[in-house]
A.B. asks: 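Okay, handing you the structure first.
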Amino acid sequence: MSSTCEGGSSWEILVPSEVQFDVSQMEEIVEPMALIVAKMVDEAAFRIICRTSSERLALSQHHPLLQLLEMGLLNSFPDHQIYNEMGMWENVKSLFWEMVEEFVVDPSSVTLVRMITACTRSGDLDSGKLVHRYIEENGFPVCLTLENALMNMYAKSGEMGEARRLYNQMSDPDVVSSTTLVSGYASSGLVELACEVFDSMPTRNTVAWNAMLSAYVLNGHFEGAISLFKEMLILDVQTDEATIVTILSACSRSENLLIGQVIHGYVCKVPIFKTRELLHSLIGLYSKCGVMEAAELLFQKMDVKNEVSWTLMMEGYVRTGRKEVALEIFHNMPSKDLASWNALITVLVQYNFFNEALVIFVEMQRIKVSPNCITLVSTLSACAGARALDLGKWIHAFIKRNDIVMDSTLCSALIDMYAKCGCIELSLEVFESMQSKDLVWSTIIGGLAMHGHSKLALEYFEQMTDCGVVPDSIAFIGVLSACSHAGLIEEGKHYFHLMTEVYGISPTSEHCGCMVDLFARQGLLREAKDFIDGIYISSNGVAIWGALLGACSIYGNVELAEYAARNLLMIDPTNAGAYVLLSNVYAKASQWSDVRKVRNTMKEQRIDKIPGCSSIEVNGVAHEFFVGDASHPQCEEIYMMLNRLEKMLQNHVINS
DNA sequence: CTAGGGTTAG
């Protein structure tokens, strides 16, 4: 058995000294190189690699000398072959089995490492485990590199227990072993464990620091990432492109423009190569923070743009409200991939351009671009926002027809779409059909609350915790709004306490808005104000003051209404609703001069009351109705029906 | 030969 761990490669012997690795000579030496590769590889079976170009490519990825030639090699192949990475790994795997089973050659440790890497990259844990068992059964010695490769395979497949077991068995783990663990824990969401391993490392290189940085960023600990980066600078750790890309991603995701700009300055001063990826992360930062002038400047400077470059700019323009510019970029992009379509639909939905998002989806169908799960999730939330029930149902049917895997995000989007479109029964149907409900409880609770099924929403919440699922922030929004709609004061207080004290979730302005609404709707204005006084309200606290102001206008409390309106307008000076409600309170109290003052201020500030508008989709056609609107062709019938419904409701209230 | 990076997701 040839089973020793090879040290250096035998390239020096195999490569003729007259062969110069000059890029200009690439074409001429590709063929000889392929032959050398065949000779160098000690297994007979690998000779077949030289038969086709894609097989040659497969091997080239694993040889340092051929990697040098990669540019030239790749240039001689058509694009689709280069990017068919999956096919390449499949080639490596089938060659391996051919070698050990048909040619009965013992693989060297280098070959085993390549095989394990092929399994890891193609996400084929089953084959990997088979090879692992094959190694153990044949008693092949396992060198450090092979141990690391095996650990990495388990880590990448989320089997951190097995990865850790291998690590603990190692006699002499190195910086690669620990870094593999750090990034494995990071992708499993176990930042604390990643931290622990990182802290225990005797030596750390740039890759190790980058892995820890990325551990923070992947799990949303942007502040942690920023302070780790500072530590790198203080300790004078070498930074590289990957460091910058990672830290910039932390800045843009937390919209920390200031630190991002500092890093932009740093990049300009230190010798770091401004790769396209690095420029993308800078553009991404400015686009996310709405500084389109800076993004545009960098974008213009790029010599080679790709789909990502165009997509980042497009997103930025939607975010800054210039969606026409964004659409123009989109339509003029030299090439777009699925991610570009998804990015546009998603960002349009995020900024409430639901109908525009649906138009893009329809366009996508027309030119036959196949949507993926992400497309469908975003489009379903566009349907929810636009109340486009028919299209939502069509997507549901599309999912069934194409056997698309219903993962929890997709189910959640369906449940939410049906709930928002008024079909809570269909929401429940999707919910009940799921095997694992762990990640969709919050959505169904929110849907039930929205439909006024408060008691049921609370029952589902209890079921959720009975199943051992830990409720998240979203679940509590549903629960608290259910309490507020049903006037369940004590229950509301109980759940708020449960959320903050037992589950340690810090309340957002939405939770607080629900609480204020809970008290204020019942006329407990004092309690509502006390609640507000006890919390910190950030710049997105419009819902909190709005809830208080709304209740004040119902109960006619002038003093408190003024207080609420003042605070609301401090956050959002152009909030038309605040002015209207305030003037209603004054009118109720017959303070006509104050009513006039408010109206005049609105005129001076050019604040227009946005007319209330409802819309409904019937047979795929959206119908819009404004306040006092009489323009609909069936207006008379609609109002007759409305009156009948109103009478029915009044009778219902009297009877119950 | 093995470890780290960018756009899309309620």
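Residue numbering restarts at 1 for every chain, and letters A, B, ... go by the order of the sequence lines.
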A.B. asks: Nearest to the A/D416 side chain among B/dG5, B/dG10, B/dA9, which nucleotide is it?
C.D. replies: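 Nearest nucleotide to the side chain: B/dG10.
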A.B. asks: So A/T409, base contact, sugar-phosphate only, or nothing? Heavy-atom distance under 4.0 Å.
C.D. replies: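 Nothing: the residue A/T409, judged by heavy atoms under 4.0 Å, touches no strand.
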A.B. asks: A/K156 near the nucleic acid: base, sugar-phosphate alone, or nothing, with a heavy-atom cut-off under 4.0 Å?
C.D. replies: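 Sugar-phosphate: the residue A/K156, judged by heavy atoms under 4.0 Å, touches backbone atoms but no base.
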A.B. asks: So which nucleotide from B/dG4, B/dG6, B/dT8 ends up closest to the side chain of A/D240?
C.D. replies: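 The answer is B/dG4, which lies nearest to the side chain.
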A.B. asks: Any idea which of B/dA9, B/dT7, B/dG5 is nearest the A/V308 side chain?
C.D. replies: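 Minimum distance to the A/V308 side chain belongs to B/dT7.
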A.B. asks: Base, sugar-phosphate alone, or nothing: which one does A/A339 contact when heavy atoms must sit under 4.0 Å apart?
C.D. replies: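 Here A/A339 touches the bases of the nucleic acid.
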A.B. asks: Contact class for A/S183 (heavy atom, under 4.0 Å): base, sugar-phosphate, or nothing?
C.D. replies: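 Sugar-phosphate, backbone atoms only, no base.
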A.B. asks: With respect to the side chain of A/N210, which nucleotide from B/dG4, B/dA9, B/dT7 is positioned closest?
C.D. replies: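 In terms of side-chain proximity for A/N210, the closest of B/dG4, B/dA9, B/dT7 is B/dG4.
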A.B. asks: Quick one, A/W341 with A/F361, criterion ring-ring contact (aromatic ring centres under 6.0 Å, His included). Give me CA distance, side-chain angles, the key distance, then yes/no.
C.D. replies: CA-CA 8 Å; A/W341 289 91; A/F361 179 75; 9.5 Å; no
A.B. asks: CE of A/M417 versus P of B/dG10: gap in Å, rounded?
C.D. replies: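 Rounded to whole Å, this separation is 15 Å.
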A.B. asks: Which of the following nucleotides, B/dG4, B/dT8, B/dG5, is nearest to the side chain of A/V207?
C.D. replies: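 Selected nucleotide: B/dG4.
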A.B. asks: Cation-pi check for A/F96 against A/R114: NZ or CZ below 6.0 Å from the six-membered ring centre and within 45 degrees of the axis, yes or no?
C.D. replies: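 That pair does not qualify as a cation-pi contact.
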A.B. asks: Between A/H280 (side chain) and A/L312 (backbone), is there a donor-acceptor pair under 3.5 Å?
C.D. replies: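 The answer is no, because no donor-acceptor pair under 3.5 Å joins these two groups.
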A.B. asks: Look at all strands and tell whether A/E147 reaches a base, only sugar-phosphate, or nothing, counting heavy atoms closer than 4.0 Å.
C.D. replies: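 No contact.
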A.B. asks: Of the candidate nucleotides B/dG4, B/dG5, B/dT2, which contains the atom at the shortest distance from the side chain of A/N148?
C.D. replies: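 Within the option list, the nearest is B/dT2.
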A.B. asks: Looking at A/E159 and A/K129, does any basic side-chain N land under 4.0 Å from a carboxylate oxygen?
C.D. replies: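 A salt bridge is present here (some side-chain N lies under 4.0 Å from a carboxylate O).
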A.B. asks: Just how far, in rounded Å, is C1' of B/dT7 from CE of A/M302?
C.D. replies: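 Roughly 12 Å, once rounded to whole Å.
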A.B. asks: Please tell me which of the listed nucleotides, B/dG6, B/dG10, B/dG5, lies nearest to the side chain of A/A242?
C.D. replies: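 Ranking B/dG6, B/dG10, B/dG5 by closest atom to the A/A242 side chain puts B/dG5 first.
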A.B. asks: Determine the contact category for A/S214: base if any of its heavy atoms lies under 4.0 Å from a base atom, sugar-phosphate if only primed atoms, P, OP1 or OP2 are that close, otherwise nothing.
C.D. replies: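 If one applies the 4.0 Å heavy-atom cut-off, A/S214 turns out to touch the sugar-phosphate alone, with no base involved.
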A.B. asks: Counting the atoms with a prime plus P, OP1 and OP2 as sugar-phosphate, which does A/T180 contact under 4.0 Å by heavy atoms, base, sugar-phosphate, or nothing?
C.D. replies: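 Result for A/T180 = sugar-phosphate.
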A.B. asks: Return all side-chain donor-acceptor pairs below 3.5 angstrom for residues 294-302 of chain A, not counting sequence neighbours, or 'none' if the list is empty.
C.D. replies:
| residue | atom | partner | partner atom | Å |
| --- | --- | --- | --- | --- |
| A/E296 | OE1 | A/Y317 | OH | 2.4 |
| A/E296 | OE2 | A/Q300 | NE2 | 2.7 |

A.B. asks: The side chain of A/V176 is closest to which nucleotide in this list: B/dA3, B/dC1, B/dA9?
C.D. replies: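 Of the options given, the side chain of A/V176 lies nearest B/dA3.
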A.B. asks: Please report, rounded to the nearest Å, how far the P atom of B/dA9 is from the CG atom of A/N342.
C.D. replies: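 So the CG-P distance, A/N342 to B/dA9, works out to 8 Å.
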A.B. asks: Figure out the CG/P separation between A/L181 and B/dA3, and round it to whole Å.
C.D. replies: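 In whole Å, B/dA3 P and A/L181 CG are 13 Å from each other.
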A.B. asks: Under 4.0 Å, counting only non-hydrogen atoms across every strand here, what does A/D337 touch: a base, just sugar-phosphate, or nothing?
C.D. replies: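 The residue A/D337 makes no contact with any strand.
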A.B. asks: Could you tell me which non-hydrogen atom of A/K420 sits nearest to which non-hydrogen atom of A/R387, and how far apart they are?
C.D. replies: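 Minimum heavy-atom separation between A/K420 and A/R387: O-CD, 3.2 Å.
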A.B. asks: Counting side-chain heavy atoms from C-beta on, which of B/dA3, B/dG10, B/dG6 comes nearest to A/I474?
C.D. replies: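 Given the options B/dA3, B/dG10, B/dG6, the side chain of A/I474 is closest to B/dG10.
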A.B. asks: Applying a 4.0 Å non-hydrogen cut-off, can you work out what A/D407 is touching in the nucleic acid: base, sugar-phosphate, or nothing?
C.D. replies: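 A/D407: no heavy atom of the nucleic acid under 4.0 Å.
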A.B. asks: Starting at atom CG of A/L376, determine the distance to atom P of B/dA9, rounded to an integer number of angstrom.
C.D. replies: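 Going from CG in A/L376 over to P in B/dA9 covers 14 Å.
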A.B. asks: From C-beta outward on A/V113, which listed nucleotide comes closest to its side chain: B/dG5, B/dT2, B/dG6?
C.D. replies: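 My answer, after comparing the listed nucleotides, is B/dT2.
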